[in-house]
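Have a look at the structure below before the remarks.
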Amino acid sequence: MIKAIFFDIDGTLLSHQIGDVPASTKDAIRQLKEKGIKIFAATGRHMSQLEKLPVKGLPFDGYVTLNGQICMDANKTIVYDVPIGPEDAKKMTEAFEEMELPVMIIERNRMYINFVNSMVEAAQKGISTPLPEIGIYTGEKVYQYIAYGEEERVRSLVSRLSGCKMTKWNPYGFDIIPEKGGKVAGIRQMLEHFEIAREEIMAFGDGGNDTDMLRYAAVGVAMGNADEAVKLQADYVTSHIDQDGIWQALKHYGILSQL
C-alpha cells in the first residue's frame with residue numbers, strides 16, 4: 001500500500017510550457033491528501049526558489065531539497081542536512097574564484113554565482129528561473145554547487161574532488177553534491193522521520209538526478225517527457241507532464257480512479 005509519494009519539481013510537477021502545475025496534477029494531489037497519502041517534494045532546488053514557484057501552494061508534508069542535502073518538514077524545520085566536506089569545499093572555492101567555469105554556491109539561506117555566460121542563461125531559462133545574483137564567498141557552509149558548461153569540462157572539475165559527485169539536470173547544468181548524497185539519501189531520512197517503509201513509497205521524476213530515486217522507490221514513474229535514460233530506470237513510463245502524466249500513472253496503479 002502506498003503511503004507517501006515523492007515528486008520532482010521541474011518537468012514533473014511544474015510544466016515550463018504553461019508556467020504552472022497542470023490542473024489535473026493539482027486535483028490529483030488534493031485527492032491523494034484526502035486519502036491520507038503524504039506528499040513530498042524531492043528536488044535539486046533551494047527552498048527559496050520553491051517559495052517563488054507555482055508549487056508554493058501545494059500541500060507538501062515535507063521537502064527533500066538540494067538533491068537531499070537539506071530536508072525539511074511541512075513547517076520548514078530542518079530534519080536532516082549535510083554540507084560539502086571541507087577539502088572539496090576548498091577546491092570548489094578555488095574554482096569559483098579562478099572563474100574556470102560559472103559556479104553557483106548554495107548555502108542554507110543564500111545562492112549566488114561567480115559570473116554569468118550564455119550557458120547559464122540557457123540553463124536557467126530552461127527551468128523558468130531568473131539569473132542568479134553575482135556574489136563573493138564569505139566562508140559559510142556550502143550544501144551544493146551548480147557548475148554550468150559542457151559536460152566534459154564539468155566532469156574534469158568534479159574529478160578533482162575526493163568526496164563529491166555530479167548529477168545532470170540540463171545539457172549545461174550540473175549539481176555537485178557529496179558522494180553519498182542524492183535524493184535517495186534525503187528520502188531515507190524522511191522515511192525514518194515519518195516512520196514510512198521504502199516498500200510504501202512511490203516516486204515521480206524526469207531528469208538525471210531522479211534515476212536513483214526512481215530505482216529506490218517501490219514504484220518509480222518516469223514522465224513521458226523524461227530523458228530516455230531516465231525512462232529505462234523506471235517501473236512505469238507515464239504520459240507527458242502536459243498530458244496529465246501524473247494523473248495517468250496514479251490511475252494506472254489504482255491509487256486514484258477519477259478526476
Side-chain angles (χ1 to χ4, degrees), residues 2 4-33 37-45 49-50 53-68 122-129 167-175 182-184 186-187 190 201-259:
I2 298 298
I5 304 179
F6 290 81
F7 293 98
D8 171 55
I9 298 297
D10 297 288
T12 300
L13 285 181
L14 177 60
S15 167
H16 294 289
Q17 290 294 110
I18 65 173
D20 200 353
V21 178
S24 64
T25 298
K26 292 178 181 179
D27 194 52
I29 287 177
R30 177 186 59 78
Q31 291 190 51
L32 290 172
K33 292 288 290 185
I37 296 174
K38 293 189 180 299
I39 303 301
F40 296 92
T43 178
R45 285 192 183 260
Q49 294 177 309
L50 297 184
L53 293 172
V55 299
K56 179 181 179 181
L58 297 180
F60 291 116
D61 293 284
Y63 304 83
V64 176
T65 68
L66 302 180
N67 292 303
Q124 295 299 104
K125 182 178 180 180
I127 57 171
S128 305
T129 300
T167 60
K168 182 178 180 180
W169 53 268
N170 180 276
Y172 304 120
F174 303 85
D175 294 332
K183 291 186 179 183
V184 169
I187 288 172
M190 298 301 273
I201 69 170
M202 189 174 189
F204 286 79
D206 72 297
N209 61 347
D210 296 321
T211 54
D212 288 352
M213 174 176 75
L214 298 186
R215 288 196 300 263
Y216 179 79
V219 179
V221 178
M223 305 301 291
N225 49 284
D227 297 338
E228 290 304 312
V230 177
K231 293 178 181 179
L232 293 174
Q233 303 300 320
D235 297 301
Y236 180 71
V237 178
T238 189
S239 52
H240 192 283
I241 181 175
D242 295 318
Q243 297 172 343
D244 304 329
I246 287 177
W247 159 251
Q248 294 290 350
L250 294 171
K251 180 181 178 182
H252 172 79
Y253 280 100
I255 296 172
L256 297 181
S257 59
Q258 61 183 7
L259 283 174

*Hey, which of N67, T167, D8 is the one that makes side chain to side chain donor-acceptor pair (under 3.5 Å) with N209?*
N67

Residue pair [X] / [Y], side-chain heavy-atom distance below 4.5 Å:
X: H16; Y: I241; value: no
X: D20; Y: K26; value: yes
X: V219; Y: Y253; value: yes
X: I255; Y: M202; value: yes
X: L13; Y: I246; value: yes
X: D227; Y: K168; value: no
X: L53; Y: L14; value: yes
X: L50; Y: K56; value: no

Nearest 0.5 Å please: distance from the [atom1] atom of [X] over to the [atom2] atom of [Y].
X: H240; Y: Q17; atom1: NE2; atom2: CD; value: 6.5 Å
X: Q49; Y: S128; atom1: CD; atom2: OG; value: 11.5 Å
X: D206; Y: I9; atom1: CG; atom2: CD1; value: 10.5 Å
X: S24; Y: Q248; atom1: OG; atom2: CD; value: 8.0 Å
X: Y172; Y: K125; atom1: OH; atom2: NZ; value: 12.5 Å
X: D242; Y: M223; atom1: CG; atom2: CE; value: 8.5 Å

*Does K183 come within less than 4.0 Å of D212, counting only side-chain N to carboxylate O?*
no

*Donor-acceptor contact below 3.5 Å, side chain N225 vs main chain G11*: yes

*asked:* Determine whether a donor-acceptor pair (N or O, by modelled atom type, separation under 3.5 Å) exists between the side chain of T129 and the backbone of I127.
replied: yes

Non-hydrogen atoms of [X] and [Y] that approach each other most closely:
X: D175; Y: G44; result: OD2-CA, 4.3 Å
X: A217; Y: D235; result: O-OD2, 4.3 Å
X: L214; Y: A234; result: CD1-CB, 4.2 Å
X: V237; Y: G224; result: CG1-CA, 4.4 Å

_side-chain contact (heavy atoms from CB on, under 4.5 Å) for D61 and K33? Distances and angles first, verdict last._
CA-CA 10 Å; D61 293 284; K33 292 288 290 185; 2.9 Å; yes

*Should we count NZ of K251 as having more than 12 external heavy atoms under 6.0 Å?*
no

*Verify the neighbour count for atom CZ of F60: are there more than 12 heavy atoms of other residues, nucleotides or ligands below 6.0 Å?*
yes

*Candidate list F40, F204, Y63, test ring-ring contact (aromatic ring centres under 6.0 Å, His included), partner F7, passing option*: F204

*Show the numbers, then the answer: is there a side-chain contact (heavy atoms from CB on, under 4.5 Å) between V64 and F6?*
CA-CA 9 Å; V64 176; F6 290 81; 4.1 Å; yes

*Check against side-chain contact (heavy atoms from CB on, under 4.5 Å), V55 and V21*: CA-CA 7 Å; V55 299; V21 178; 3.8 Å; yes

